[in-house]
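This report concerns only the one structure given below.
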Amino acid sequence: MDREELKKEMIKWRRHFHKNPESAFEEVNTSNYIANLLQEMGYKVTTGIGKTGLIADLKLGTSEKIIGLRADMDCIELDEKLETEYKSVNKNRMHACGHDGHMATLLGTAKILSKEKNFDGTVRLVFQPAEEPGKGAKEMVKDGLFTKYHVDEIYGLHNMPGLEEGKIYTKVGSIMGSEDDFVIKIHGKGSHASAPNMSIDPLVIAANIILALQTIVARNVSPTDTAVVSCTELHTDGIRNAIPSNVIIKGDTRSFSKDVQILLEKRMEELVKNICLAYGADYEFEYTHEFSPTVNHKEQTEVAIKAAENILGKENVVANCQPTMISEDFGYFLTKIPGCFVFLGGAKKDKEVIALHNSMYNYNEDILIKGAEFFAEIIRIRLKK
Ligand SMILES: [Zn+2]
Ligand SMILES: [Zn+2]
């Protein structure tokens, strides 16, 4: 099929999504738009998986094998500052993470595969809602993705504006971090600021805890592993001349493996519990797992590397890239079935890099077709006739 035509179509789709962004679990129009396009292409579409999520199948030949390709659909809650003819028309909604480009990419793949009809098995496209809050993947799995709607292996990509344009980066093992949130509540005893002997000062205890938490990475996590423990908020119910009764510390942690994730939670609670005990305060400790680490499977990563090399040339593939502590909902899928996640570089030479989640972010449309061809090549390899 005519690649120039397809490129134009993908740009049209991407700009449509960009102009009409919808955030987590609101992706109703986005989802309808995608469903209509895929039905026209001959895909069997099932909507309402994970609320606004959908899957779309194209089955050819006799093989029972099912390969999943995933795109995320939600925008972030931000007012767009960039002036273009396709600027967001929705207030406080913007595709600043490039999920508009991811959807157009996967639709491009859908089109290529439906025209070529050159594979044996089932392609199952997964359009996932609510990636940003880390909730969409879980909702889809809860609604039967991978069970009722079986998938043998799954692939996904994220655009990366800081990496070289048109190059694919991946690695076996951990490529993106976990994200956990914590809330530590310290209940002491308030008093007049002039009479600290009458108090159990939760602020002094909080200060001890904040410092002690930094020893987890330095002294409990193995030097060959990595982790981050960040306290990001500190609230008291005191006033300037009164020692508070209560203090709340909030923050988040990152790591690349389940084991480290468990260690962080365990050590944090031990420190909080024992420091509070030492000073005679009570505590509450909440620790929630928001994002799993994204850990690529070896066999599927080798497939992704091969596909990328076939499409982009060996010189444009980084097969053992640096991992990043950013989190991705795709990591949850990889705790259920094998697969691989890659980064697609979008940095234009001599042009300033605008980071993801910036109100001036604009997807590099020149990489759309490269992503689409990459996914299509995975199918050609994995569902070879
Ligand atoms: Zn994002
Ligand atoms: Zn994103």
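Here the structure is a predicted model, which is why all the values come from computation and not from measurement. Each ligand, and each atom within it, is numbered from 1 in the order the structure gives.
Cation-pi contact between Lys336 and Phe146: absent, since separation from the ring centre below 6.0 Å together with deviation from the ring axis within 45° is not met.
Excluding water, every protein N/O/S atom under 2.8 Å from the Zn ion (ligand 2) is given here by residue and atom: Cys97 SG, His99 NE2, His158 NE2.
The atom of His357 nearest to the Zn ion (ligand 1) is NE2, with the search restricted to N, O or S atoms.
Separation of the Tyr287 and His289 ring centroids falls under the 6.0 Å cut-off. Ring pair His16/Tyr33: centre-to-centre distance below 6.0 Å.
Side-chain atoms of Glu132 and His357 include a donor-acceptor pair closer than 3.5 Å.
For Ala96 against Ile76, the heavy-atom pair with the smallest separation is CB-CD1, 3.7 Å.
At a threshold of 4.5 Å between non-hydrogen side-chain atoms, the residues Lys7 and Glu365 do not count as touching.
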